[in-house]
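So the structure is just underneath, and the comments pick up after that.
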Amino acid sequence: MNESYIGKSIPRIESVDKVTGSARYVHDMKLPGMLYARILTSPHAHAKICSIDTSRAEKLPGVKAVLTGPELPYKLGLYLVDKDILAKDKVRYQGEAVAAVAAVSEEIAEEAVRLIKVEYEPLPAVFDPVEALKEDAPLVHEELGSYSFMKGVFNPRPNTNIANHFKLRKGDVEKGFQESYRIFENEFRMPQVQHVPMETHAVIAEWLPSGRINIYTSAQSPFTVRNLMSVAFNIPHSRIHVVIPYVGGGFGGKAGIHLEPLAATLSRKAGGRPVKLVATREEEFNTIPVRQGIIARIKTGVSAEGRILAEDITYYWDAGAYADYGVNIGRASGYSGAGPYDIDNVRIDSYTIYTNHPYGTAYRGFGHVEFFWAIERQMDIIAHEMGIDPYELRMKNLLKPGSITITGEKIRENTGRVDKCLEMVAKEIGWKGSKTEEERKKEFVTGRVKGKGIAVLHKAPAMPTFTSSSAIIKFNEDGSVDVLTSGTDYGQGTYTALAQIAAEVLKMPLEKVHVVWENDTDTGPYDWQTVASRYTFMGGNAVIKAARDLIEQMKKVASAVLRAPEDELEIDNEKVYIKHNPDEYVTYQQLAMGYVYPNGNAIGGPLIGRGSYIAQGLTNLDPETGQGLPAIDWTYGAHGIEIEVDVRTGEIHVKKVVSAFDVGRVINRILCEGQITGGVVQGLGTALLEGYVYNKDGKLLNNSFTDYKIPTAKDIPETLIPLFVETPQLDGPFGARGVAEHPMISVPSALGNALYDALGIDIKELPITSEQVWKKIKNKVTK
Ligand code: SMO
């Protein structure tokens with residue numbers, strides 16, 4: 001094979017199935033005898049449940065099962081087991097599921113839900129995470145949840161709303177401040193936001209009378225669903241079967257389990273009939289977990305030359321009513337939370353705090369979008385106040401080969417290069433330093449002002465130690481292959497990358513490699529989770545190992561057939577041949593099911609390659625000191641954004657976004673660019689448009705697309721330039737590292753920085769709405 005598949009722009013292997021509508025999602029599925037479920041949700045943010053009357057609903061013809069919390073002794077939770085499947089004694093957020101119905105049609109289920117009467121007694125609620133830390137704050141949970149199977153990484157406090165407190169300490173922060181020339185203290189805020197997957201959460205579950213559970217779900221990770229179901233119901237994995245067909249977007253919101261236990265319990269109550277439960281768009285907003293909000297307080301000490309000497313950071317996470325992934329997001333922001341900077345003295349306290357908001361979970365970037373809003377805005381504020389070019393300030397402080405990260409790893413030459421990413425971005429966007437106030441004034445009178453902003457980012461894969469991925473490559477009779485994995489491709493394009501990797505290692509045409517789309521815990525190999533930008537890295541490595549295993553087996557058989565030692569054999573173009581005599585060969589097809597000699601004797605057998613890859617992931621950081629060594633390299637990146645602002649309305653027009661990422665090695669250019677485009681646009685949504693708005697009672701006011709705007713084609717920047725730095729990752733597949741989450745990080749901060757450049761105004765709270773900008777402009781003009 002002359003041409004390599006690595007680094008090419010190969011269209012997604014599933015694209016035709018998707019655009020022609022033949023890809024099957026859970027939303028499309030209908031099983032014989034299937035029932036439809038609807039849920040009743042809480043109208044209160046915090047209230048005692050006094051009584052639930054389901055009698056009228058149960059009498060409605062066509063209703064097959066009605067469920068309420070007291071019937072369900074099980075609890076759910078990833079790190080802390082703190083959530084009932086249906087609210088029991090009280091509700092903790094508006095939108096929490098209180099009762100559920102399964103009926104022969106959706107309309108009847110809907111009607112039955114309306115007939116359920118619940119009596120509540122409202123309780124004082126708390127919505128602000130800082131307020132929730134006060135002595136007299138209402139307690140969201142009277143008792144803390146028990147520990148989950150993911151042990152040892154959290155630190156909850158009894159009789160408080162603290163679900164977790166992660167601490168990182170490095171050097172002597174007080175001494176660092178004493179030695180500082182100037183100290184900067186700021187508070188930054190970001191509200192909760194929604195993942196907004198195109199396909200809402202959907203599940204079909206059947207709890208067979210035999211005790212086995214079948215689950216078809218739009219989730220990110222089949223084995224995680226199986227594991228969490230097993231923990232929740234205390235039944236062995238061997239009795240749970242999870243199938244994940246096509247999934248229309250996850251972004252972290254489908255990383256755990258949400259509707260699965262409810263659908264399964266309804267099915268059990270309905271005698272094992274399959275029950276379909278699909279979240280409405282409104283439920284996707286109100287009931288299904290969201291991205292956590294944050295209040296970030298940062299105090300930075302800087303030398304006269306612009307070196308950061310000390311950083312004291314407190315992150316207050318609005319986890320909402322249940323901890324879910326919030327505990328680990330708090331932890332990840334603890335060890336990543338000072339940015340990709342070389343700082344000797346750091347103190348980070350990251351609190352995951354219960355409030356009466358909908359609960360938080362993973363969302364693309366796993367906390368980093370939130371705290372980088374603070375970190376990278378703070379850098380620009382320091383630069384402006386000290387009269388240093390924001391680019392120079394960053395360059396002075398960024399990690400470079402030889403620096404030590406705040407968790408103690410040494411940056412090597414082959415570690416990703418954040419400085420190179422920033423350099424590339426600055427060049428492409430034409431960075432020439434910040435505008436002067438004089439220049440701003442001159443431009444202001446024209447009515448339209450321009451500004452440029454830059455920001456950097458990093459993220460480590462949030463993987464506990466020893467997570468693994470595995471792959472199976474089966475030879476078909478004709479020498480083509482099927483690749484089985486259990487990582488999911490919910491839109492990232494990972495399966496295309498895996499196909500390329502398999503074709504590359506096996507030296508065969510891409511068209512003859514099929515990655516099995518549907519994930520199935522009964523037949524697929526084990527995988528931990530598809531999260532944390534890990535799958536091309538992990539699954540890619542597993543596929544390489546499986547392909548090499550297959551090659552070894554082929555060589556063994558070919559060695560006997562060709563009467564040549566294995567080490568004299570080579571593979572190429574679907575053949576195993578003798579190196580010094582390429583005319584002597586056997587084809588993959590001949591080897592696939594075993595080689596049959598002309599005399600009829602057979603050798604070998606059906607060949608199947610197996611490979612698994614175990615991550616030398618993060619060591620569990622010491623919960624007391626917060627210290628530890630993340631062993632997998634981090635992905636670094638930078639954004640540059642150019643905007644134009646209409647000074648009469650405060651409307652921001654994004655002209656250009658330049659983004660550079662050190663992805664180690666580009667496996668598929670168009671997919672990497674797609675991840676960047678998607679991430680940047682999603683980041684622009686967070687920056688400019690999105691954010692949950694509540695009334696004082698905790699009622700979500702913008703729970704539909706009428707009031708909650710996400711970016712559409714119209715909002716996409718005129719110019720969007722993705723750039724790559726390729727510092728090969730030693731243990732990555734062909735040198736690659738993850739890129740899925742990173743492009744979303746630091747988009748809001750780069751935009752906030754561009755706004756300062758344009759107008760000399762500092763925004764510290766997301767989203768940067770026109771209203772907010774307009775008020776700041778007015779304020780500045782009248783001052
Ligand atoms: S936010 Mo993700 O699915 O690690």
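Counting starts at 1 for both ligands and their atoms, following the listed order. Basis for what follows: all heavy atoms, side chains included, without hydrogens, waters or symmetry-related copies.
In this structure, Tyr694 and Phe127 have parallel ring planes: the angle between them is below the 30° cut-off, well short of the 60° mark. Taking the six-membered ring where the residue is Trp, Tyr351 and His165 present parallel rings, their angle staying beneath 30° rather than reaching 60°. The aromatic rings of Tyr354 and His141 are tilted relative to each other, their planes meeting at an angle between 30° and 60°. Ring-plane geometry between Tyr636 and His458 is classed as tilted, the angle between the planes lying from 30 to 60 degrees on a 0 to 90 degree scale.
Less than 4.0 angstrom separates some heavy atom of Tyr363 from each of these atoms of ligand 1: 1 (S). Under a 4.0 Å criterion applied to the non-hydrogen atoms of Glu741, ligand 1 contributes the atoms 1 (S), 2 (Mo), 4 (O). If you number the atoms of ligand 1 from 1 as listed, the ones under 4.0 Å from a heavy atom of Ala362 come out as 1 (S). Atoms of ligand 1 found under 4.0 Å from any heavy atom of Val531 (numbered from 1 in listed order, with element): 2 (Mo), 3 (O), 4 (O). Interface atoms of ligand 1 facing Arg364, defined by a heavy-atom separation under 4.0 Å, are 1 (S).
Taking 4.0 Å as the cut-off between side-chain N and carboxylate O, Arg291 and Glu690 do not count as a salt-bridged pair. Ion pairing between Arg737 and Asp662 holds under the 4.0 Å rule for side-chain N and carboxylate O.
Using a 4.0 Å cut-off between heavy atoms, Gln220 contacts ligand 1 through its side chain alone, with no backbone atom that close.
At least one N or O atom of Ala532 sits closer than 3.5 Å to an N or O atom of ligand 1.
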